[in-house]
Amino acid sequence: MSEALPPDGEPDEYTEDVLSVVERIPPGRVMSYGDIAEYVGRGGPRQVGSVMSQWGGGVPWWRVVRADGRPASGHEVRALSRYAEEGTPMRPGSDRVNMRQARWDGGNEG
DNA sequence: ACGTTGACAGGGA
DNA sequence: ATCCCTGCCAACG
């Protein structure tokens with residue numbers, strides 16, 4: 001059984017923070033696990049990954065990638081079709097996101 | 001208390 | 001480019 005959908009329980013405050021940030025990432029943009037950890041101000045990349053593993057089904061999880069631009073482990077194929085839909089900038093000849101262009105800092109700029 | 005695990009990150013070979 | 005190791009930190013058995 002995979003955790004494609006969020007559990008019915010109530011998320012704690014940290015989980016809420018992480019998920020709310022992920023929901024704000026614009027289409028065609030991404031944030032790394034570490035970026036999100038810094039943004040929420042506590043925990044680390046692995047904690048963010050843990051939250052996404054459990055609750056990611058309810059948010060645009062494909063917009064959360066590794067620091068090197070690789071999509072979430074085990075979800076590469078699904079992520080790739082989303083990037084194609086959203087026009088996410090990719091590295092040429094690779095299945096990786098171009099972080100230079102696609103990285104979102106939480107601000108309003110493009 | 002301890003060892004293992006995990007949707008991670010960074011550095012070296 | 002890939003593989004391997006270490007650092008990291010919370011959750012589990």
### Task
Evaluate side chain to side chain contact (heavy atoms under 4.5 Å, CB included) for A:Val59 paired with A:Met52, printing each intermediate quantity in order.
CA-CA 9 Å; A:Val59 296; A:Met52 291 305 288; 4.0 Å; yes

### Query
What do you reckon, are the aromatic ring centroids of A:His75 and A:Trp62 less than 6.0 Å apart?
no

### Task
Using a cut-off of 6.0 Å, state whether more than 12 heavy atoms not belonging to A:Arg103 lie near its atom CZ.
no

### Task
Look at the side chain of A:Trp104 and the backbone N and O of A:Gly107, then say whether any donor-acceptor pair between them is shorter than 3.5 Å.
yes

### Task
Taking only heavy atoms on the protein side, list every residue of residues 35-49 of chain A lying under 4.0 Å from any atom of DNA chain C, sorted numerically.
A:Arg46, A:Gln47

#### Entry: Euclidean distance, atom CZ of residue A:Arg103 to atom C1' of B:dA9 [Å, nearest integer]
12 Å

### Message
Determine whether a donor-acceptor pair (one donor, one acceptor, N or O, separation below 3.5 Å) exists between the side chain of A:Tyr33 and the base of B:dA9.
### Response
no

### Sugar-phosphate, base or nothing in reach of A:Arg91, heavy atoms under 4.0 Å
sugar-phosphate

### Task
Check whether any side-chain heavy atom of A:Val22 lies under 4.5 Å from a side-chain heavy atom of A:Pro60, and answer yes or no.
yes

### Query
When the distance from CH2 of A:Trp61 to C1' of B:dC8 is rounded to whole Å, what number comes out?
17 Å

### Message
Salt bridge or not between A:Arg42 and A:Asp17? Use side-chain N to carboxylate O under 4.0 Å.
### Response
yes

### Query
Do the side chain of A:Arg63 and the main chain of A:Arg29 share a donor and acceptor less than 3.5 angstrom apart?
no

### Query
If you measure from the P atom in C:dC8 to the same atom in B:dG12, how many Å do you get, rounded?
16 Å

### Task
Would you tell me whether A:Thr15 and A:Asp12 have side-chain atoms, one donor and one acceptor, within less than 3.5 Å of each other?
yes

### Query
OP1 or OP2 of B:dA7 less than 4.0 angstrom from a side-chain nitrogen or oxygen of A:Ser50, does that happen here?
no

### Task
Could you list by number each residue of residues 64-73 of chain A showing a heavy-atom separation from DNA chain B of less than 4.0 Å, or answer none if no residue does?
A:Arg66, A:Ala67, A:Ala72, A:Ser73

